[in-house]
Amino acid sequence: MGTAAAPLDVSTMQARLVKLRVAATKAGMAAVVVTPGSDLRYLIGVGGSSFERLTALVVPADSDALPVFVSPALEFAELGDVPLDELGVEVRTWVDGDDPYPLVLRGLAAGRLAVSDMTPALHVLRLAVAGEREQVLAGPVLRELRMRKDAAEIEQLRQVGEAIDRVHERVPHFLQLGRTEAQVGADIAAAIVEEGHAVAEFVIVGSGPNGASPHHGVSDRVIERGDVVVVDIGGPLPSGYNSDSTRTYAVGPPRESGVLAAYAALHAAQQAAVDAVRPGVTCEQVDHAARSVLEEAGLAEHFIHRTGHGIGLDVHEEPYIVSGNDLPLEPGMTFSVEPGVYFAGRWGARIEDIVLVTADGVERLNNRPHDLVEL
Ligand code: ZN
Ligand code: ZN
Ligand code: ZN
């Protein structure tokens with residue numbers, strides 16, 4: 001298990017466990033079973049790392065029942081200083097050869113289990129065999145906690161936003177004619193760490209036609225004069241909170257026709273979506289704000305993804321800023337606003353900032369200029 005510091009004290013953990021019990025009760029669950037990953041990190045400050053050996057925090061809805069931490073004995077020491085005692089969590093360890101699944105179920109009231117979304121199928125299926133209980137995804141329960149960031153989380157997201165802005169400030173220095181995307185990407189990855197991230201989680205350098213593929217990584221394509229280049233980068237602070245920001249660069253005057261007009265529409269679309277953000281507005285209304293500007297400009301079919309995604313301990317989490325999501329925004333929600341335009345085989349562009357919903361509006365957590373950065 002990793003033991004990197006998280007901005008979590010015992011009282012915060014305690015409060016989160018109580019909130020989870022309340023949310024589980026409201027959702028009609030007997031318990032929430034949280035396996036290693038960001039859900040576990042959110043609750044107790046460490047995310048764990050075991051895969052085939054079962055580790056699970058079991059949080060019963062019933063407030064009279066203790067939460068239980070099931071852990072392989074050989075990995076338990078790695079939990080470091082998680083104050084399970086103080087949190088009133090009962091520890092049940094097991095050794096190779098034991099069947100750990102009954103340890104999850106022992107003493108639980110009857111009813112459904114909510115299992116964290118990223119739990120490996122090998123645990124889900126064996127737990128099903130052990131207990132014959134209905135299992136459902138815990139995502140809808142956990143999102144009620146994780147979607148609204150508290151002050152300490154917001155501070156981490158502000159810091160990591162500033163860190164990735166400093167990297168974008170350095171990108172023109174790396175992005176030079178004659179270098180490959182992979183060479184540029186390696187320099188950017190090093191800068192991401194130099195500016196305070198724990199790791200460079202992802203680096204997209206999409207030059208020329210590669211910019212038309214939103215999830216391109218890097219390749220051996222050489223940067224040429226006239227290229228438009230999409231640079232989408234991010235990673236977590238040591239606390240686990242992530243950055244994610246995109247700017248689009250031009251290596252000399254763009255080779256393709258129509259770039260400046262399409263980029264102007266994209267810039268207006270991103271601004272319109274950010275302007276739409278405030279409490280009470282729905283996620284799909286924010287998506288629509290960006291989309292309608294691009295529609296107006298005749299670019300609707302070139303905007304081929306949702307407008308954004310929540311961000312926190314995961315790079316992609318709730319709330320999703322997408323058509324059909326009528327969830328109203330609330331203060332403390334953080335998500336990307338990242339419309340893009342893509343012209344297959346030619347070029348693409350995207351502008352991405354993380355924003356925070358405030359009491360009466362919006363705060364951008366990325367603040368680099370939005371213009372096409374001509375090098
Ligand atoms: Zn991104
Ligand atoms: Zn993003
Ligand atoms: Zn702008």
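On a predicted model such as this, the values are computed, not experimentally measured, just so you know. Numbering of residues begins at 1 and proceeds along the displayed sequence. For ligands, and for the atoms within them, numbers begin at 1 and follow the listed sequence.
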Within the stated cut-off of 2.8 Å, is an N/O/S atom of H309 closer than that to the Zn ion (ligand 2)?
yes
Heteroatoms of the protein, restricted to N/O/S, which lie under 2.8 Å from the Zn ion (ligand 3)
H267 NE2, H370 ND1
Which of these, R16, R146, R41, sits in a salt bridge (Lys or Arg N to Asp or Glu O under 4.0 Å) with E153?
R16
Please check if any side-chain donor atom of E284 sits under 3.5 Å from a side-chain acceptor atom of T282, or the reverse.
no
Inter-residue atom distance D150.CG - Q156.CD, 0.5 Å rounding:
10.0 Å
Establish, yes or no, whether the cationic atom of R291 lies under 6.0 Å from the six-membered ring centre of F303 and within 45° of the ring axis.
yes
Atoms of the protein (N/O/S only) found under 2.8 Å from the Zn ion (ligand 1)
D232 OD1, D232 OD2, D244 OD1, E352 OE1
Step by step, would you call E181 with S219 a side chain to side chain donor-acceptor pair (under 3.5 Å)?
CA-CA 5 Å; E181 291 176 355; S219 76; 2.9 Å; yes
If we count only N and O atoms by modelled type, under 3.5 Å, do the side chains of D244 and H309 hold a donor and an acceptor together?
yes
Short side-chain donor-acceptor distance under 3.5 Å, H370 and Y263
no
Polar contact flag, side-chain donor to acceptor under 3.5 angstrom, S116-T35
yes
One pair to check against ring pair (Phe, Tyr, Trp, His ring centres under 6.0 Å): H302 and F343. What are the steps and the verdict?
CA-CA 7 Å; H302 297 285; F343 299 84; 4.2 Å; yes
Could you tell me whether D96 atom CG has more than 12 heavy atoms of other residues or ligands within 6.0 Å of it?
yes
